[in-house]
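Counting starts at 1 for both ligands and their atoms, following the listed order. We count residues from 1, following the sequence as given.
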Amino acid sequence: MTPAITVRNLRKAYDGVEAVRGIDIDVARGEIFALLGPNGAGKTTTVEILEGYRHADDGAVDVLGFDPITGGSAYRARIGIVLQSSGVYPFMSVREVCALFAGFYDAPRQVTDVLAAVGLTEQADTRVRKLSGGQRRRLDVALALIGRPEVIFLDEPTTGFDPGARRDAWEMISSLAEAGTTVFLTTHYMDEARVLADRVAVLRRGEVVALGSPASLIGDRGARIRFAVPGSVDASTIATVAAAPTTIDSGVATVEVDDPTRALHALTTWALTNGRTLDDLEVLRPTLEDVYLELTGGDAS
Ligand code: ATP
């Protein structure tokens, strides 16, 4: 099947400053794809080019067979967009705004269904200006969904959401993809990318520095074993037992291991044999956030 989105050697500069420097991305139909990267990495520029709001300087972009710039209303009818911030019709009710937007499409979703999907049923008759920040964001998502889009672009969809609302949004986004909608999102939340995305691209200074499933990016990086140091044992003793580099900081040993099973076995056997306990023992796997910080240098782009 042809990809929903194809990006080839995309380039964009503002006043000579290169914001996007030769990006290549394919997004399959029904895939949830997340663009990650520090502030200024080029995420919004890329999304806005895909949405047809910005001209690329160079390269090729195809969404559902359309060039977003020339696709016009036929293109807009098939995509949904949630911008980073929006402020629509403050004096209309939530239901009225949704009905207004539904009127722009040939085969819109039912307003009540969309409000239920984004958790705004109780606010249906509330005026937009009286919604909280998170509720407005939900309304933005509702408006993006109402036209039954095949591809939905979500620029930081859950910024400002409380944890419960974020979980609800994740469920909604997952169910959209399960129903066949392609989801292209940007996010600063690594847990969001980890939970939602089939694949992520990490952008740094306008370039893709990693691309793949969150699990593949984490890959087979090793793990850390941590425990409170028993008695007066020093780092070199633990390192010898575990056959792995060990540091001790404030009475807590951290052992960097490739094979946690083997190292745990060696450490617990040693502790039992010597009548000691490994208090607060834990095995920590690297997270997507660890990998992201490594890839991006942990600083702004
Ligand atoms: P954030 O996470 O902060 O939203 P981003 O990854 O979306 O960042 P962009 O908004 O695409 O990054 O910006 C990329 C670079 O292009 C930045 O250096 C930014 O200052 C610059 N830039 C973006 N829009 C414009 C503009 N309209 N005019 C000039 N420079 C711009």
- Query: Does the cation-pi check pass for R148 over F101, that is, NZ or CZ under 6.0 Å from the six-membered ring centre and within 45° of its axis?
  - Reply: no
- In terms of side-chain geometry, is the basic nitrogen of R8 or D26 positioned less than 4.0 Å from the acidic oxygen of its partner? yes
- Item | Atom indices of ligand 1 within 4.0 angstrom of H188 heavy atoms, with elements | 2 (O)
- Please check if atom CD in E122 has more than 12 non-hydrogen atoms from other residues, nucleotides or ligands closer than 6.0 Å. no
- Message: Polar contacts were defined as any N/O atom of the residue lying under 3.5 Å from an N/O atom of the ligand; does this apply to D15 and ligand 1?
- Response: no
- Message: Among G37, A13, G40, P38, which one puts a heavy atom closest to atom 18 (O) of ligand 1?
- Response: G40
- Run the numbers for me: atoms of ligand 1, each under 4.0 Å from some heavy atom of A41, listed by number. 5 (P), 6 (O), 12 (O)
- Query: Considering the options V63, V151, I79, I152, which one meets the side-chain contact (heavy atoms from CB on, under 4.5 Å) requirement together with T182?
  - Reply: V151
- With a 4.0 Å cut-off on heavy atoms, is G42 touching ligand 1? yes
- For K43, the ligand 1 atoms with a heavy-atom partner under 4.0 Å come out as 1 (P), 2 (O), 5 (P), 6 (O), 7 (O), 8 (O), 11 (O), 12 (O)
- Hey, does the Lys NZ or Arg CZ of R137 hover above the aromatic six-ring of F161, less than 6.0 Å from the centre and inside 45° of the axis? no
- For A19, the ligand 1 atoms with a heavy-atom partner under 4.0 Å come out as 14 (C), 15 (C), 16 (O)
- Any idea which part of R54 is under 4.0 Å from ligand 1, heavy-atom wise: side chain, backbone, both or neither? side chain
- At what distance, to the nearest 0.5 angstrom, does CZ of R54 lie from OG1 of T44? 9.0 Å
